[in-house]
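Only one structure is covered here, and it is reproduced in the block below.
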Amino acid sequence: AKKVDLCEKDKLKIHTVLDNVLITEKEMGVKIHCHFMAVELFVKRCKDKFDYIFFDPPFPYKFHEELVKEAGKRMLLNPDGIIMVHRPEEHHMSEQIGNLVRFDQRVYGRSIVDFYKYLA
């Protein structure tokens with residue numbers, strides 16, 4: 001990646017995130033833009049487009065579908081872009097969410113990662 005946007009809501013993690021960002025930028029030559037806010041707010045305000053979006057909220061989070069739907073509605077992906085969503089198995093995700101369709105799913109114990117792209 002040439003550029004990465006990272007969003008973190010937990011204020012207690014700011015110093016750890018910034019320390020890790022400095023190490024990554026130095027070693028990998030990647031520019032990382034940090035946004036310390038709720039991801040829902042970031043998605044609603046964002047004007048950029050991405051090749052990949054990875055949503056990895058805490059397991060108790062219950063709004064996975066709404067988050068994916070809003071990202072699709074706001075057209076945050078480039079045409080061939082992919083949204084990946086990490087969730088616990090007990091939180092169901094639909095095959096189609098708004099203008100996005102699931103094309104792959106990986107299961108790692110009770111963790112699931114769903115892969116979405118724009119409808120063809």
Side-chain angles (χ1 to χ4, degrees):
K2 293 180 183 171
K3 176 184 167 278
V4 174
D5 282 83
L6 180 147
C7 189
E8 176 58 61
K9 177 178 149 180
D10 188 343
K11 303 288 187 217
L12 297 175
K13 295 180 182 172
I14 290 175
H15 294 294
T16 302
V17 167
L18 292 175
D19 287 345
N20 288 335
V21 163
L22 288 174
I23 292 167
T24 303
E25 285 183 334
K26 182 179 176 184
E27 290 185 13
M28 305 296 287
V30 175
K31 181 63 183 161
I32 301 174
H33 300 271
C34 297
H35 308 273
F36 294 103
M37 63 176 65
V39 68
E40 298 88 354
L41 183 60
F42 176 78
V43 167
K44 286 182 181 180
R45 290 182 177 176
C46 186
K47 301 207 185 317
D48 292 330
K49 293 205 180 286
F50 301 93
D51 293 323
Y52 300 99
I53 297 174
F54 181 53
F55 292 126
D56 187 17
F59 263 27
Y61 187 81
K62 295 183 174 144
F63 305 103
H64 299 84
E65 285 209 17
E66 292 86 345
L67 193 55
V68 171
K69 186 174 185 176
E70 185 66 22
K73 182 174 121 182
R74 305 251 322 124
M75 302 296 289
L76 296 184
L77 286 176
N78 285 318
D80 292 326
I82 296 170
I83 291 179
M84 297 161 279
V85 184
H86 180 222
R87 65 177 173 89
E89 65 183 347
E90 58 268 18
H91 293 173
H92 174 76
M93 294 286 286
S94 300
E95 291 285 326
Q96 183 176 336
I97 302 173
N99 59 351
L100 297 161
V101 63
R102 181 169 56 207
F103 69 94
D104 196 2
Q105 182 179 77
R106 307 288 171 91
V107 179
Y108 306 97
R110 107 171 233 264
S111 291
I112 296 176
V113 178
D114 295 295
F115 296 76
Y116 290 86
K117 63 182 178 180
Y118 289 126
L119 289 164

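This one's a predicted model, so the numbers in the text were calculated from it and none came from an experiment.
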Would you call Asp114 and Met84 a side-chain contact if the rule is heavy atoms closer than 4.5 Å? no
Taking the side chain as every heavy atom from C-beta outward, state whether Ile112 and Pro88 have any atom pair closer than 4.5 Å. no
Hydrophobic clustering (ILVMFWY, side-chain heavy atoms < 4.5 Å, transitive) - are [Y] and [X] grouped together?
{"X": "Phe54", "Y": "Val4", "value": "no"}
{"X": "Leu119", "Y": "Ile82", "value": "no"}
{"X": "Leu22", "Y": "Val17", "value": "no"}

Residues joined to Met93 in its hydrophobic cluster, side chain to side chain under 4.5 Å directly or through other members, sorted by chain and number, are Met37, Val39, Leu41, Phe42, Val43, Phe50, Ile53, Phe55, Tyr61, Phe63, Leu67, Val68, Met75, Leu76, Leu77, Ile83, Val85, Ile97, Leu100, Tyr116, Tyr118
May I ask you to decide if Gly98's main-chain N or O and Gln96's side chain share a donor-acceptor pair within less than 3.5 Å? yes
Please check if any side-chain donor atom of Glu65 sits under 3.5 Å from a side-chain acceptor atom of Ser94, or the reverse. yes
Could you list all the side-chain hydrogen bond (donor to acceptor under 3.5 Å, both in side chains) pairs where at least one residue sits in residues 72-85, not counting sequence neighbours? Asp51-Asn78
With sequence neighbours left out, which residue pairs that include part of residues 12-38 fulfil the side-chain hydrogen bond (donor to acceptor under 3.5 Å, both in side chains) condition? Asp5-His35
Gap between atom SG of Cys7 and atom CD of Glu40 - 0.5 Å precision: 8.5 Å
Any chance you could measure Asp56, atom CG, to Glu8, atom CD, to the nearest 0.5 Å? 10.0 Å
What pairs with Phe36 under ring-ring contact (aromatic ring centres under 6.0 Å, His included), at least two apart in sequence or on another chain? none
Residues in ring-ring contact (aromatic ring centres under 6.0 Å, His included) with Tyr52, at least two apart? none
Which pairs pass ring-ring contact (aromatic ring centres under 6.0 Å, His included) with one or both residues in residues 68-103, sequence neighbours excluded? Phe59-His86, His64-His91
Check the pair Arg110, Glu89 against salt bridge (charged side-chain N to carboxylate O under 4.0 Å, His left out), reporting the backbone distance first and the verdict last. CA-CA 5 Å; Arg110 107 171 233 264; Glu89 65 183 347; 5.0 Å; no
Under the criterion salt bridge (charged side-chain N to carboxylate O under 4.0 Å, His left out), I'd like the reasoning laid out for Lys3 against Asp48: C-alpha separation, chi angles, the key distance, then a yes or no. CA-CA 11 Å; Lys3 176 184 167 278; Asp48 292 330; 3.7 Å; yes
